[in-house]
Every structure is written in structure tokens, then in C-alpha cells.
There are 4 protein chains.
Amino acid sequence: MPKLGMEPIRRAALVKATIEEIGEQGSLDVTVARIARRAGMSSALAHHYFGNKERIFLAAMRHLLAEYSAEVRDALIAAQGDPRARVAATLRANFGPSNFRSEVVAAWLNFYVLARTSEPAARLLRIYHRRLRSNLAHDLRPLLGAGASDAAERLAALIDGMYLKQGLAGGPADGPAATRQLLAALELELK
Amino acid sequence: MPKLGMEPIRRAALVKATIEEIGEQGSLDVTVARIARRAGMSSALAHHYFGNKERIFLAAMRHLLAEYSAEVRDALIAAQGDPRARVAATLRANFGPSNFRSEVVAAWLNFYVLARTSEPAARLLRIYHRRLRSNLAHDLRPLLGAGASDAAERLAALIDGMYLKQGLAGGPADGPAATRQLLAALELELK
Amino acid sequence: MPKLGMEPIRRAALVKATIEEIGEQGSLDVTVARIARRAGMSSALAHHYFGNKERIFLAAMRHLLAEYSAEVRDALIAAQGDPRARVAATLRANFGPSNFRSEVVAAWLNFYVLARTSEPAARLLRIYHRRLRSNLAHDLRPLLGAGASDAAERLAALIDGMYLKQGLAGGPADGPAATRQLLAALELELK
Amino acid sequence: MPKLGMEPIRRAALVKATIEEIGEQGSLDVTVARIARRAGMSSALAHHYFGNKERIFLAAMRHLLAEYSAEVRDALIAAQGDPRARVAATLRANFGPSNFRSEVVAAWLNFYVLARTSEPAARLLRIYHRRLRSNLAHDLRPLLGAGASDAAERLAALIDGMYLKQGLAGGPADGPAATRQLLAALELELK
DNA sequence: CATGAATGAGTTTTCATTCAT
DNA sequence: TATGAATGAAAACTCATTCAT
């Protein structure tokens, strides 16, 4: 017997299953049928809720991005007003346990690929990119002045590079090591 | 009008077409039929020469890696013995016109994804990763001592991050800008 | 107009179509597409229900074997306890109208070939072989003692030989003639 | 440098390779390319000599049949005029080491299947069938009179049944055991 | 005599998506 | 709300066969 109010539950289950499936498979070549089975429903229902496969992927991306944003936001709140602490907090947030998990990194990498095909996916990724860079630049400005923007660019690229490295390694993610490297780079940027 | 000695010509044409196709499509979801057509032959012939699709991809990766290695090697020769010049040359080589072309970057990104599925692809990528890091570390050692290894890691990750950024941007690649950022980072590493 | 509970109907239709197709074609070189069309559905649906071609073949074999076993069983029941009547009944059952039809014989012959490639098919055929021989031997024991086993072997081989002959002839099967020969052989075995 | 007079050598090599390949593969699903490679030549050359695949198969059948006939003929010569000895010799010849080899049996079985598709193959097999039966009947006539024909039919079918059994078993062929059974059946036929 | 080159045609299998229930 | 039924379209891969050399 179908229940009322299932929609958000189903959608969340599908998003979760999508990320797990992509993470496990290491590729966007996952079938709607498998995602749906993992989420405990038929593929027809998955289509009912999302319309098509691309939209399932987009929802998963949005979920990851939202989780990521929340983690950064929390870190910034904790850092209060101190610019240097804020930059460090932003960097750290990228490698916290909820973002820098092996399967999330894998999904992330694949969404970069998706972005080459799907304009909405590209848009989402660009938003994330811009926001990260502008956050960093904003907090680096008082410390570095005109050079803040380039420094932000470098730090952001370094983060992405660390993700890529982790994506290639395949094993469990070593967040602390990555964090250490980022903080060292920050140190250098600040002389 | 079959001719003798076509094999190397056909193989090269297929490798070239594969990179172009992946670059254009922005995804590994390219068909052997399309690659073959672009290379001017039937898909059956492509299979005849490579056996299967994965092996076509691997040949394309090997080609890119070889091109890359050649560029780095040439740059190092030009830099002669000076460590600092050698590091700078290595960094520059990554963003030279033959490596940092839009379609090559796209192919590259996709090979990272392929590496999650195909062990041979992962092996190739790991070799490249290790070599880049050890090259950098070797030349940084006289300049930085114990910190050379971490610095090499950061510079290498920064390179990858720049590729990722370019991959996302999609437009024509701006090698000089990327080079500038890398040289700035090197400056910082060397105090 | 999809209906519920189609699975058993579809499976049965595919099994039937497979036997007909093999019988008509006289070879295992039948395509799933043709089988499916004959069964009134798309080849995709055939795959949905059976997974792959081999499993379609195996289901067809199992069907034939089950039909065969049922016919033998019924004949044995009718023969009651009398050993000689039981042996005769077993022999007759092999050439009854449901087993000794031209297309069934053709399918049978092809399953012998399939058994050389597919272990599950070989297993099925071995079971049938063993069962036939042990049934015969069991009922011949009281009549022939130690020689029962060899006699069973001969009668069983004779049955197979008759199938082979029919398979080669190609025309409509002449069950009564085959039965007559088998019963004559039985006569000889029993002196 | 191509040599003169290669034709019979090439043809023989192809026939041999065909039988081996079918025997090994246990199926007619062997490719011309594999047969040719096994015979040490290109598939193009195989086509040059035989025109098409079916004709390669037919040549292999003819070869087997000729070998078989020779063995029977030799046995009959050895048996001289004695009818009973001639029948026994004919039976024995079927299970001699050159005919009753595992791979030959496998090829044989597959040619039965081929005969359902290829009229020339069917013709060859019918000739063999008829000749075996008429040979047996001819020699049984002085011993059994009117019953000779039926007895010949039974013995011939028994031979085929033994081949089929061996074909299913798959292991090395046990000629002596089969011979023993055939001679026992002959014994029974002759009272 | 001999072969590498080449392909058209075909086959299995997969999958996103739709629809009646 | 939920799903089993159903399929069109596509893709990888295979192979007999042909042909120029």
C-alpha cells in the first residue's frame, strides 16, 4: 500500500544510492535500474520522481554541493571574524570526513566529466568553483592585498589537485595529510 | 585498394581519432564506430587492430603520455644542470601547446575516470604521477633539502588542479596563465 | 497493454519457440531475435526473462526432458509391477508421439552438441542418460540377473541410435517402426 | 616463395585442422581463421582452396568417411568369405583406434548436425548409412534369412548409439568396451 | 602461390524510458 | 504511489568473404 509523503524519502534514497553506486563503480556508467534497486524501488519509480537519468545525477551533485557548502559554512562560523582562521577553516573543510570520503571523491570526479556533456552540471560546478575562489580571495584580501586573487586561485587548484590524486589512488582518503599540505601552502602564501 | 604496411598508419590514425573524439565528446562514451569513421575506416578494422575498445583507449593514453614525456625531457635537456631552471622547465612543459590543448585536457580527465575501472589505465597514470613527483623532488632537493618532497607534491597537485580547472572551463586552454601561476608557486616554495 | 503475471506465459512461449526454431532450422544457429519473434515478443524481453541465450536453450532442454520423464513415468504406472511390461513400456515411451516428433528429435540432437560446450547442458543430458539406463537395468535384473546392466546399456544405445537415424532422415518420424525394432531387441535380450 | 604442388598438401592440412578444431571445440562454431591458423596458413588461402566454409566441412567429412571405409574394407578382406566373421569384422572396424577417437567422434556428431542444413552433407551421411546397413544385411542374409535386414538395422543403430554415448561422455573413447557390446548383440541376433 | 587489408552483415546484450494497471 | 511489462535503439564484437598486391 503506497503511503503519502513518500516523495522526499524516495528522492533522498535515490540520491544516496546514486552517489554510492558511482563511487563503487567508479564511473557514470551506472544504470538507473541498479541505482533504483539499491534505493529499494523499481526503476520506473525512479523515473517517476526524476524524469530522467541526467536529473538523478544532477540531484546527486546538488546534494554533494549542499553538504559541502554546509561544512564550509559551519567552519567559517567557528572561525569567527579572523581572516587567517577563516581561510584555514575553508581549506580544512574540504578534507573533512564528510567531504573527503573515497566514494564522494569518486562521484565528484565523475561529475567533472558529466559537466562536459551536461550544461546544468557544468553550471553547478562553476558555481562551486567561483564560490570557493571568491571566499578564499575575500578572506585573503586583508592579508595579501592585490595578490589575494592569484593566491586564492592557487589554493583552490591545489585542493582540486588533491582530490584528483585521491581519486587516482583509490584507497581510503587521507584527509589529514591533504589538510597539512594545504595549510603549508597557505603558510607560504602568507610569507 | 589494400596496401602493405598499413598497420602502423591505421593504429596512429585510430589513436589520433580517439583523442579527438573524446575531446570533442567530453566523455568516454564514444563509440568505436565513431572513432573508426573519424579515422577513415570501418569499426571492424579498428577491432582487427586493437582487439577491443579498452585497448584503443590505452593506446591513446600511452600516446599522450609519450608526447608528454618527450616534452618534459626536451625541456630538461634545455635547462641543463641548473636545478631551479630544471624545475621551472618541468612546470612549463605541462602547459606547453602540445600538452595543454583543450581536447588533450579533456582526454586526460577522462583517462582519470577510466583508471578507476581499468587496472592498466590506472597503472599508466600512476607511473606518470610518480615520475612527475620524483622529477620535481629530485631537482628541489638541492634547493630545499628535506622539504623537497612535500613541495614537489604540492606543485604536482597544483598542476593537476590547473588541468581540472581547464577541463571544467571547456574553452581554449590558457597555457601562459597556468604557467605563470605555477612559477609563482615555485617562487613561494623557494622563499 | 501490459498485463500482470505474464512471466510464466512468456517463458513457456519462448521455450516452445526455441524448440520449434531449432527443429526447423536443424541447428543451434538460431538467433534470439528469431526465437523471440516467433514467440511474439521483442528479443529484449527474451533477455529480460532468461538473461542470455544459453539459459534459453537450457530451459528448452529441461522442458523436453520433463516432458520425456512424464511420458516414461505414466507408461511405468500403466505397466504396474510386471518387470517385462515395465521395460517394454519404457522403450515404447521413447517413441510416443510427444517425444518422437521430428522437431523434438532435431532439438535433441542439437542439445547433444550443446552439451559439448555447456557444462549445465552436459549435466542435464547425463542425468537423462543415467536415469534411462538405471530404469532399464532395474527392471531387467529379475529377468536377466547379472547381464541386466549390459542389456540395459544396449537397449539405451539402440534408442539413441534410432533417434540419430531419425534425425538424419529428416522426414516425419516413424515411431511405430522404431518401437517395433526396440521390442524385437528386447525379445532377443530375454532369449 | 610459393612452391608448386602445394595444393594437395594444403588441402590435407586444412582437413586435418578442421577435424581437430571441431573435435576440440565440440561444435561447428569454428572459424575459418582458426582452422587456417592451425593448418599454418592464412584464412584467405583456405578460401582460395575450398571456396567457402561449407566446402571445407564437406572435405573433412569425406576424409573421415574415406578413412572409415578403408578400415571396414580392410577388415572385410581379412575376414575372407565367412559371413559371421565378416559381420564381426564390420562391427569391430567401427570402434578401431582410427575411427573411434574422441575428436573424430565429436566431428562425426557435428556432421550429423551439419547434415540438417547442408544437403551435400546429408547425402554423404546417407551414403554411409545405407552402405553400412546393406553390408551388414548382405552378410547376415545367409545366417538369418528374412530377418537379416531388421537385424542389420538394429546393429547399425546400436553402433550410432555407442557413438552418441561416447560423444556425450567426452573423455577418451573406450573402443574395446563398445566392441564387446556390439559383438554381444550380434551373438543375440544369431540366437 | 600466398597474404594482409578491408568490410558488410549480423548477433548478443544492455538500457533508458514508457505505459497500463 | 508503485511496478511489471515491454521495446527501440544502440553498441561491441565477430566472421566469412573478397581483393589488390
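Naming: A, B, ... by sequence-line order, numbering from 1 per chain. What you see is a predicted model; the values in this text were computed from it and never measured.
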Trainee: Need one value for B:Y49: base, sugar-phosphate or nothing, where a base atom within 4.0 Å counts as base even if backbone is also close, heavy atoms only.
Mentor: sugar-phosphate
Trainee: What is the distance, to the nearest angstrom, from the CE atom on C:M41 to the C1' atom on F:dG4?
Mentor: 15 Å
Trainee: Please determine whether a side-chain nitrogen of the Lys or Arg among B:E24 and B:R38 lies less than 4.0 Å from a carboxylate oxygen of the Asp or Glu.
Mentor: yes
Trainee: Between the side chains of D:R34 and D:E20, is the shortest nitrogen-to-carboxylate-oxygen separation below 4.0 Å, so that they form an ion pair?
Mentor: no
Trainee: Take C:G40 and A:R10, find for each the nucleotide of DNA chain F with the closest heavy atom, and name the residue whose nucleotide sits nearer the 5' end.
Mentor: A:R10
Trainee: Nearest whole Å is fine: how far is F:dC15 P from D:R37 CZ?
Mentor: 10 Å
Trainee: For the residue pair D:Y68 and D:Y128, categorise the inter-ring angle as parallel (less than 30°), tilted (30 to 60°) or perpendicular (more than 60°).
Mentor: perpendicular
Trainee: How far does OG1 of A:T18 sit from NE2 of A:H63, to the nearest 0.5 angstrom?
Mentor: 10.5 Å
Trainee: Is D:R101 atom CZ crowded by more than 12 heavy atoms from other residues, nucleotides or ligands, each under 6.0 Å away?
Mentor: yes
Trainee: Rounded to the nearest angstrom, tell me the gap between atom CZ in B:R55 and atom P in F:dA12.
Mentor: 15 Å
Trainee: Could you state the CD-C1' distance from B:E7 to E:dA6, rounded to the nearest angstrom?
Mentor: 13 Å
Trainee: Starting from P on F:dT1, measure out to CZ on A:R11 and report it in whole angstrom.
Mentor: 11 Å
Trainee: Looking at C:R37 and C:E21, is there a salt bridge between them, counting it only when a charged N and a carboxylate O are closer than 4.0 Å?
Mentor: no
Trainee: Just by protein heavy atoms under 4.0 Å, how would nucleotides 8-15 of chain E read 5' to 3' in B, S and -?
Mentor: B--SSBBB
Trainee: Can you tell me the distance, in whole Å, between the CG atom of B:L14 and the C1' atom of E:dA6?
Mentor: 13 Å
Trainee: For D:A115 and C:L168, work out which heavy atoms get closest and say how close.
Mentor: CB-CD1, 3.9 Å
Trainee: Taking all heavy atoms of A:L58 and all of A:S118, pick out the closest pair and write down the distance.
Mentor: CD2-OG, 4.2 Å
Trainee: Find the distance B:I56:CD1 to F:dA11:P and express it as a whole number of Å.
Mentor: 14 Å
Trainee: What's the CD1-C1' distance between B:I35 and F:dA12, to the nearest Å?
Mentor: 12 Å
Trainee: Determine the stems involving DNA chain E; a stem requires 3 or more consecutive pairs of the Watson-Crick or G-U wobble kind, each with both distances below 3.5 Å, and the answer is none if no such run exists.
Mentor: E:2-21 with F:2-21
Trainee: So which atom in C:S27 and which in D:V113 form the shortest heavy-atom distance, rounded to 0.1 Å?
Mentor: CA-CG1, 4.5 Å
